[in-house]
Structures are given as structure tokens and as C-alpha cells.
Engineer: 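My questions all concern the structure below.
FYI, side chains are in, hydrogens and waters are out, and symmetry mates aren't considered; it's all heavy atoms of this structure.
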Amino acid sequence: MRFQEEEITDAQLLQKERGKKFANQAAERIRATENCLFSLLPHAELSRLAEEWYEACAQAMLRGNYAPIDMWIRSQSRLAATQGFAPEDLLELLNACRRSAIEIENWNEDIFSAVDDVMEEVFSSIHGNIRWKIAVAPETGVDAAIAIDAGMQVPDAEKWTSDRRRFTRNRLRFPIRVIGSGPTGQTEEFTFTASVSRGGLYFFAHGKYETGQLVKVTFPYWNVHDCMDIDYAAKVIRLDEQPDKIWGVGIDFVESLGRKA
């Protein structure tokens, strides 16, 4: 009996290690997916999502337990709705994870067949007649100056919008923590993004920042159990004064949001 328990524990540990390895590689592939808003999340967050998806699919295929994949899809659907993602963004995420499993883990269509049916059923129950297997690349209304849409005052809006050629900015509201240092000492601010790109983000703040100032940004800042909050170095590139002592702050990341050792 003891030997069987040790075998089971070893198998579970091996499966966990394979899941982490898969998640790291899948996260890089998702980050490279241009038509999926989930790709704007940092590598660590995408890795966490991919690992959870991998474990949920493994539970379904190895044990016939479909509850985890059901819960995963519903959880990501809620996240997508909160952040203003389209259902197609979740479709792209699902397809990116699926393709990664086929290419990295050598999973095949026969293995996926039962899981595909469950994923399609759950997705359709949430999003009507949209089938998860049809990964549409929608024409999204991308606006570099989200502040304009939010009704805030943004000087030289044309100049800000021209940044589209460098980064595609989207209206994504993620919690962040910003730590900076100035004449009055170190400051710490908790706020939300107003737009996010692969190279930077825009947020509204009560604190005072300076153009060229280096800051440390935790993006996203979940501050909950099992979520890894990671800090990134960034530089303030734009300041827009708003009413009520609010500032619109644009920052560029000075390090990659990809894999961190």
C-alpha cells in the first residue's frame, strides 16, 4: 500500500513539472498571438493561466473529471467580461493553449475529442451560439488614447494616437501598483490601467510624476493567494493634467514582460 501511494505521489509530481514546463512555453506562444487581448498580459500571468488549463485538461483526459475545465472556462469568461475582452479573445486563448499542447506535448485530436465537446458546450452556454473551435480574429476598435474615450482631457491627442505604429493600445482595466521615488521620498500608489500595450500602459493617478522618472510597476497586481505579483521597471513618458488633481500617466516598460528567471 505504501509503495502504491509513493507511486501516485511521484506521478503527480511529474505531471506538475510537465505542466509548469508546458505553461512556460505556451505563455510565450500566447504572448506572440497578435489578435488576442490576453496576449497583453505578462508572461507570469499567462503561464499561470496555461498551467491551470493544462491541469484541467489532464484531469478530464486521465480521470474523466470535466469540472476543472468547466470552471476554468467560466473563470476566464468572467475575467474577459470584466476587462472588456470579446468572446473571440477567449477563443484565441483556448486555441493557443490547444495548439501548444499538440505541438509541445504531442497531444492528438483523438485525445482532445471528449474535451473539445465539453469546452464547446461550456463556451456555448456562456456565449450563445459562438463555438469555441471557431477562432475568429475580430476587427477590434483599438484606440491608443483611451483617455479620450473615458472623457478625460488629453492634450495633443493626435500625437498620442500616432503611437499606434509602435504599440497597439487597448482599453484594459487591470489593477496595478506603482512605486516611485522623488523629492519627497518613495511613493506607492494602487490604481488601475486605462490602456495597455505590449510596451507600456496608461493610468490615472493622484500622485505627482515627472517625465523621464523611473518607476516600478506591478502588473497586474492581484495580491491574492496563488497569484504571482511581479514588478517591472518602467519610465514615465507622458503626463496629462486632469481635473480634480488627477494625472494621466503614460509609461514605457524598460524590460521585457516575457519570461523572468
Engineer: Could you tell me if the ring centre of Phe203 sits under 6.0 Å from that of Phe192?
Structural biologist: no
Engineer: Please check this pair: side chain of Asp89 against backbone of Ala86, looking for a donor-acceptor N/O pair closer than 3.5 Å.
Structural biologist: yes
Engineer: Within this structure, what is the CD-CD1 distance for the pair Glu121 and Ile69, rounded to the nearest 0.5 Å?
Structural biologist: 13.0 Å
Engineer: Could you walk me through whether Arg238 and Thr211 pass side chain to side chain contact (heavy atoms under 4.5 Å, CB included), step by step?
Structural biologist: CA-CA 6 Å; Arg238 185 177 184 90; Thr211 303; over 6 Å; no
Engineer: Would you say Val249 and Val236 make side-chain contact, with heavy atoms under 4.5 Å?
Structural biologist: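 A side-chain contact exists here, since the closest heavy-atom pair is under 4.5 Å.
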Engineer: Indicate yes or no for a side-chain donor-acceptor contact from Asn65 to the backbone of Ala67 under 3.5 Å, with no hydrogens or angles considered.
Structural biologist: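 The answer is yes, because a donor-acceptor pair under 3.5 Å joins these two groups.
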Engineer: Please check this pair: side chain of Thr193 against backbone of Ser195, looking for a donor-acceptor N/O pair closer than 3.5 Å.
Structural biologist: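 Pair absent, no side-chain N/O of Thr193 close to backbone of Ser195.
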Engineer: Do Ser125 and Glu120 touch side chain to side chain, with heavy atoms closer than 4.5 Å?
Structural biologist: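 No, every pair of side-chain atoms sits at 4.5 Å or beyond.
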Engineer: State, to 0.1 Å, how close Leu41 and Leu46 come at their nearest heavy-atom pair, and which atoms those are.
Structural biologist: O-CD1, 3.5 Å
Engineer: Can you tell me how far the CG atom of Leu90 sits from the CZ atom of Arg78, to the nearest 0.5 Å?
Structural biologist: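 CZ of Arg78 is found 11.5 Å from CG of Leu90.
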Engineer: What about Ile104 and Ile102, same hydrophobic cluster or not, with Ile/Leu/Val/Met/Phe/Trp/Tyr joined at side-chain heavy-atom distances under 4.5 Å?
Structural biologist: yes
Engineer: Run the side chain to side chain contact (heavy atoms under 4.5 Å, CB included) check on Tyr209 and Val178 step by step: do they pass?
Structural biologist: CA-CA 11 Å; Tyr209 297 86; Val178 185; 3.7 Å; yes
Engineer: Between Gln213 (side chain only) and Glu210 (backbone N and O only), is there a donor and an acceptor less than 3.5 Å apart?
Structural biologist: yes
Engineer: Quick check with a 6.0 Å cut-off and a 45 degree axis cone: is Arg177 positioned over the face of Phe190's six-membered ring?
Structural biologist: no
Engineer: How long is the gap from CD on Glu52 to SG on Cys57, to the nearest 0.5 Å?
Structural biologist: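 Answer rounded to 0.5 Å: 12.0 Å.
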Engineer: Quick check on the hydrophobic clustering: are Ile230 and Tyr221 connected, directly or via other members, by side-chain heavy-atom contacts under 4.5 Å?
Structural biologist: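 No, Ile230 and Tyr221 fall in different hydrophobic clusters.
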Engineer: Salt bridge (charged side-chain N to carboxylate O under 4.0 Å, His left out) with Arg29: which residues, sequence neighbours excluded?
Structural biologist: Glu103
Engineer: Just so I know, are the side chains of Val196 and Phe219 near enough to count as touching, which here means a heavy-atom distance under 4.5 Å?
Structural biologist: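 The answer is yes; the side chains approach within 4.5 Å.
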Engineer: Within a radius of less than 6.0 Å around NZ of Lys235, do more than 12 heavy atoms belonging to other residues, nucleotides or ligands occur?
Structural biologist: no
Engineer: Would you check if the distance from the ring center of Trp107 to the ring center of Tyr54 is below 6.0 Å?
Structural biologist: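 Yes, the ring of Trp107 comes within the 6.0 Å limit of the ring of Tyr54, centre to centre.
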Engineer: Minimum heavy-atom separation for Val217 and Ala234, please, with both atom names.
Structural biologist: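 Looks like CG2-CB, 4.1 Å.
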Engineer: Answer with yes or no whether the hydrophobic clustering places Ile179 together with Phe253; edges join I, L, V, M, F, W, Y residues whose side-chain heavy atoms lie under 4.5 Å apart.
Structural biologist: no
Engineer: Looking at side-chain heavy atoms only, is the closest gap between Tyr66 and Val122 below 4.5 Å?
Structural biologist: no
Engineer: Considering all heavy atoms of both residues, which atom of Ala50 and which atom of Phe22 are nearest to each other, and what is their separation?
Structural biologist: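 Between these two residues, the closest heavy atoms are O-CE2, 3.8 Å.
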Engineer: Please find the pair of heavy atoms, one from Ala233 and one from Glu255, that lie closest to each other, and give the distance.
Structural biologist: N-OE2, 2.5 Å
Engineer: Do Arg98 and Asp116 come close enough that some side-chain heavy atom pair is under 4.5 Å?
Structural biologist: yes
Engineer: Taking the side chain as every heavy atom from C-beta outward, state whether Ile176 and Pro220 have any pair of such atoms under 4.5 Å apart.
Structural biologist: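 Result no, sub-4.5 Å side-chain heavy-atom pair not found.
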Engineer: Should Glu28 and His43 be marked as a side chain to side chain contact (heavy atoms under 4.5 Å, CB included) after you check the CA-CA gap, both sets of side-chain angles, and the distance that decides it?
Structural biologist: CA-CA 7 Å; Glu28 293 177 356; His43 176 93; 3.7 Å; yes
Engineer: With rounding to the nearest 0.5 Å, note down the distance linking CD in Glu189 to NZ in Lys208.
Structural biologist: 12.5 Å
Engineer: Looking at Trp53, Phe85, Phe174, which hits ring pair (Phe, Tyr, Trp, His ring centres under 6.0 Å) with Phe38?
Structural biologist: Phe85
Engineer: Can you tell me how far the CE atom of Met71 sits from the CD atom of Gln76, to the nearest 0.5 Å?
Structural biologist: 11.5 Å
Engineer: So which heavy atom on Glu92 is nearest to which on Thr33, and how close?
Structural biologist: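 Closest approach of Glu92 to Thr33, heavy atoms only: OE1-CG2, 4.1 Å.
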Engineer: Kindly work out whether a path of hydrophobic side-chain contacts (I/L/V/M/F/W/Y, heavy atoms less than 4.5 Å apart) joins Met119 to Leu49.
Structural biologist: yes
Engineer: Any heavy-atom pair between the side chains of Asn95 and Leu93 that's under 4.5 Å?
Structural biologist: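 Not in contact.
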Engineer: Applying salt bridge (charged side-chain N to carboxylate O under 4.0 Å, His left out), run through Lys16 and Glu51 and close with a yes or a no.
Structural biologist: CA-CA 9 Å; Lys16 190 72 174 177; Glu51 184 177 359; 3.6 Å; yes
Engineer: Could you pull out the closest heavy-atom pair between Ser47 and Ala27, with the gap in Å?
Structural biologist: N-CB, 3.6 Å
Engineer: For a 4.5 angstrom cut-off between non-hydrogen side-chain atoms, does Tyr202 reach Asp240?
Structural biologist: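 Of all side-chain heavy-atom pairs linking Asp240 with Tyr202, at least one is under 4.5 Å.
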Engineer: Say you draw a straight line from CG of Leu94 to SG of Cys36; how long is it, rounded to the nearest 0.5 Å?
Structural biologist: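 The SG atom of Cys36 is 9.5 Å from CG of Leu94, to the nearest 0.5 Å.
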Engineer: Take Glu45 and Arg48 through the salt bridge (charged side-chain N to carboxylate O under 4.0 Å, His left out) test and state the conclusion after the steps.
Structural biologist: CA-CA 5 Å; Glu45 182 66 15; Arg48 183 182 68 83; 2.6 Å; yes
Engineer: Is there a side chain to side chain contact (heavy atoms under 4.5 Å, CB included) between Glu241 and Trp247 once you walk through the steps?
Structural biologist: CA-CA 5 Å; Glu241 188 172 5; Trp247 287 87; 3.7 Å; yes
